[in-house]
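Notes for the one structure printed next.
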Amino acid sequence: MKKLIVFALPLVLMGCSFVDKIIHKDLFDRQDVETEEVADDFPATKNELVDDKPIEITNPNLLNDSVDVIEMDDSMIVDTVDRSLPDSVQMRIQELFDAENSGEAIVGESETMLDMIDTLQLIPYFDESGSNSCNYPKGYVPTFPDSVYAQRIEDLNRETTIELVYNKHVKSFIDVYAVQKRSKTERMLGLADVYFPMFEECLDKHNMPLELKYLAVVESALNPTAGSHAGAKGLWQFMYGTGKVYKLNSTTLVEDRFDPLKSTEAACQHLQDLYDTFGDWFLVLAAYNSGAGNVRKAITRAGGLKNYWAIWPYLPRETRGYVPAFIAVNYIMNYAAEHNICPLDPGIIKDGIDTVTVHQPLHFEQLNEMLGIPMEDLKFFNPQYKQQIIPATDKKPYILSIPEKYVDSYIRNEKALYEFKTKRGIDKEKLQEEMKKISDRSVHIVKSGENLGSIAKKYHVSVSQLQKWNNLKGTNIYPNQKLIVYGSGAPMAQAGNSTPVERSTTQKIHTVKSGETLSKIASKYKCTVTDLKKWNNLKTINIKVGQKLKVYPPENASSSSSSSNSSSTYTVKSGDNLWSIARKFNTTVDKLRKLNNLKNDNLDVGQKLKVK
């Protein structure tokens, strides 16, 4: 009788560096052992090695171009160690090999993945009051032989273009989802009803395998508020840099990586780009987790083979468990009932949430105090608003998710909400000031060789200001550190100007001179740095000599510099409101109300307003 044995070209599940480590540790006590006899004699199969013997491959279709097929008789023995070595050395190498490459070891290296699963316990909306058993007595945990797992995964494999295989690593992750963390799997199944339709729609639009929806389960356990220690965020766990590539904006106030719709579209685009690079979905998954660079290095170390199982030993430790976990999630999501695991009702997450549009700045506390929407709901369903501020404007509205029972109340009271002042004094004016301050802020990433003095000189600010803005006790900084820098030299430096300025509607051009900064130019034209940036579509505060800047000078220089006791009036024009007038004269809405004894914000065209 003959069996088909598969050998990957380089060693699967083991690299020479692993062997060298064992030899150096365990063999150098013996002078009669030569390391050269060991290094290249560790055969490995595409499937796993069990009891020093290869598994029989019953389905030749699993083979691919990256491996060689060798026919062997029963009399031929294939071992994981060189039998010419002394018995004690053979045993020690085999023990370390089995320990390093066991399914349990791979699961143990997947700490981030396991931590994500545990975060589901913190979501408060699940309904645990009902019965949750599927065709078995409650609490019963079924187990099955390897042949059943293998056959079920083979059945799934026939339905997808992603090659699904069964081995001891996959089995270990099935054990995680079906046994160790089965109560969390119930929650993931409940959340799948919420998010999978959205994932499938996007994947279908990009003509990609629908099974890739399971990647989000591996990444975040479908927790929409998930964040890792490394800084990845959201359902698809995008890192900051990768998110930027796919237009997921990360600002002081808004984090698009937490937005389910935007991040799902970005994930589909990213996966397609990776597939265009590697042409293999398992390599794509590995690259999604560890980065394309790590996968390229692993391919190089594996002799150029573009096969996940061939490069497996050369991947970062946590990534080694990534594809096995993906296969295990495919399995458990399709065979949960067979393991007596049923979806747990996610409560209002599934069908009790609706969205409304926000057109002006709004704070969660305003929604909480005026409409009674629980702060916990606002935070959970809107994690993208990092400071609980929705920086909306008429030109750039934002979407807010709230329990549907509050939607009617929001629509009826929307205008009043924007004007509502909270117990802590948060109102429209304060929010606008905060937004203006943030728009005047830049982030400098420290480069090698830089110090606070050189950075302060670059931005025309002082070292003490940099220390204050960044809560620095000393002057020590390090490469890639992010420092906050305000373009005007201090937050809101111009906003407190008590002298209102009526601004000309005629645009002029200012040519930047040597030594000028936005702060100096703003002072010259009685405006703010933020105004200059807005008028000229500047994203940073950096300008250069000879650059042309649009400016709107004061309409009457003499009146703007007159005594503070003199009075100045403004005639309301069509389209004006208190906010636009306050901005034009560099004052606040509250001051305009007080100066003109206004009981509300309604204005008439031709109405005269005191602005100073």
Whether [X] side chain and [Y] backbone form a donor-acceptor pair below 3.5 Å:
X    : Y    : result
N368 : F364 : no
N470 : L472 : no
K233 : E255 : no
D127 : G347 : no
D427 : K430 : yes
E186 : L344 : no
T319 : Y322 : no
Q384 : D256 : no
Q151 : V148 : no
R257 : G234 : no

#### Entry: Inter- and intrachain pairs under ring pair (Phe, Tyr, Trp, His ring centres under 6.0 Å), touching residues 253-276, at least two apart
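Qualifying pairs, neighbours excluded: Y246-H270, H270-Y288, Y275-W281.
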Hey, are [Y] and [X] close enough side-chain-wise for a donor-acceptor pair under 3.5 Å?
X    : Y    : result
Q387 : H363 : no
S220 : W236 : no
E318 : T112 : yes
Q360 : D394 : no
E265 : H206 : yes
T225 : N223 : yes

How about [X] and [Y]: do any of their side-chain heavy atoms sit closer than 4.5 Å?
X    : Y    : value
P142 : Y136 : yes
T393 : P397 : no
Y166 : I174 : yes
L164 : N330 : yes
I311 : N307 : no
L285 : L212 : yes
T357 : Y398 : no
E163 : N157 : yes

Other residues, nucleotides, ligands: >12 heavy atoms within 6.0 Å of [X] [atom1]:
X    : atom1 : answer
K415 : NZ    : no
D276 : CG    : yes
R424 : CZ    : no
K386 : NZ    : yes
E201 : CD    : no

### Query
Which is it for V358 and Y410 under the side chain to side chain contact (heavy atoms under 4.5 Å, CB included) test, yes or no, and what are the steps along the way?
CA-CA 10 Å; V358 182; Y410 174 88; 3.4 Å; yes
Do NZ/NE/NH1/NH2 and the carboxylate oxygens of [X] and [Y] come within less than 4.0 Å?
X    : Y    : value
D345 : K350 : no
E429 : R593 : no
K423 : E369 : no
D146 : K168 : no

### Query
In chain order, what residues pass the ring-ring contact (aromatic ring centres under 6.0 Å, His included) check against Y240, with sequence neighbours excluded?
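Result, ring-ring contact (aromatic ring centres under 6.0 Å, His included) vs Y240: none returned.
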### Message
Test of understanding: with ring-ring contact (aromatic ring centres under 6.0 Å, His included), list the residues that count as partners of Y406, not counting sequence neighbours.
### Response
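Partners of Y406 under the ring-ring contact (aromatic ring centres under 6.0 Å, His included) test: none.
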### Task
Look at the aromatic rings of F380 and Y125 and report parallel, tilted or perpendicular, splitting at 30° and 60°.
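If you compare the ring of F380 with that of Y125, the planes turn out tilted.
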### Task
Describe, in one word, how the ring planes of F199 and F196 are oriented to each other, choosing from parallel (under 30°), tilted (30 to 60°) and perpendicular (over 60°).
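Aromatic pair F199/F196 classed tilted.
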Value rounded to 0.5 Å, distance of [atom1] in [X] from [atom2] in [Y]:
X    : Y    : atom1 : atom2 : answer
K262 : K247 : NZ    : NZ    : 12.0 Å
I123 : L191 : CD1   : CG    : 5.5 Å
I299 : D280 : CD1   : CG    : 8.5 Å
D377 : L367 : CG    : CG    : 11.5 Å
T277 : Q272 : OG1   : CD    : 10.0 Å
Q481 : Y478 : CD    : OH    : 4.0 Å

Looking only at heavy atoms, what is the nearest atom pair of [X] and [Y], with distance?
X    : Y    : answer
F238 : A266 : CZ-C, 3.6 Å
P343 : L189 : CA-CB, 3.7 Å
P209 : I162 : CB-CD1, 3.9 Å
A416 : M370 : CB-CE, 3.5 Å
A221 : M188 : O-CG, 3.5 Å
Y418 : P361 : CD2-O, 3.9 Å

### Task
Take I327 and V165, measure what side chain to side chain contact (heavy atoms under 4.5 Å, CB included) needs, and give me the verdict at the end.
CA-CA 8 Å; I327 298 172; V165 298; 4.1 Å; yes
### I390 vs L431, side chain to side chain contact (heavy atoms under 4.5 Å, CB included): CA-CA, chis, key distance, verdict
CA-CA 9 Å; I390 307 163; L431 293 176; over 6 Å; no
### Task
Measure from NZ or CZ of R320 to the centre of the six-membered ring of W312, then state whether that distance is under 6.0 Å and the direction lies within 45° of the axis.
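Ring-cation test returns yes.
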### Task
Please say whether the positively charged group of R152, taken as NZ for Lys or CZ for Arg, lies over the ring of F144, i.e. under 6.0 angstrom from the six-membered ring centre and within 45 degrees of the axis.
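Cation-pi check for R152 and F144: passes.
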### Message
Under 6.0 Å between ring centres: does that hold for H339 and Y331?
### Response
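When the ring centroids of H339 and Y331 are compared, they turn out to be within the sub-6.0 Å range.
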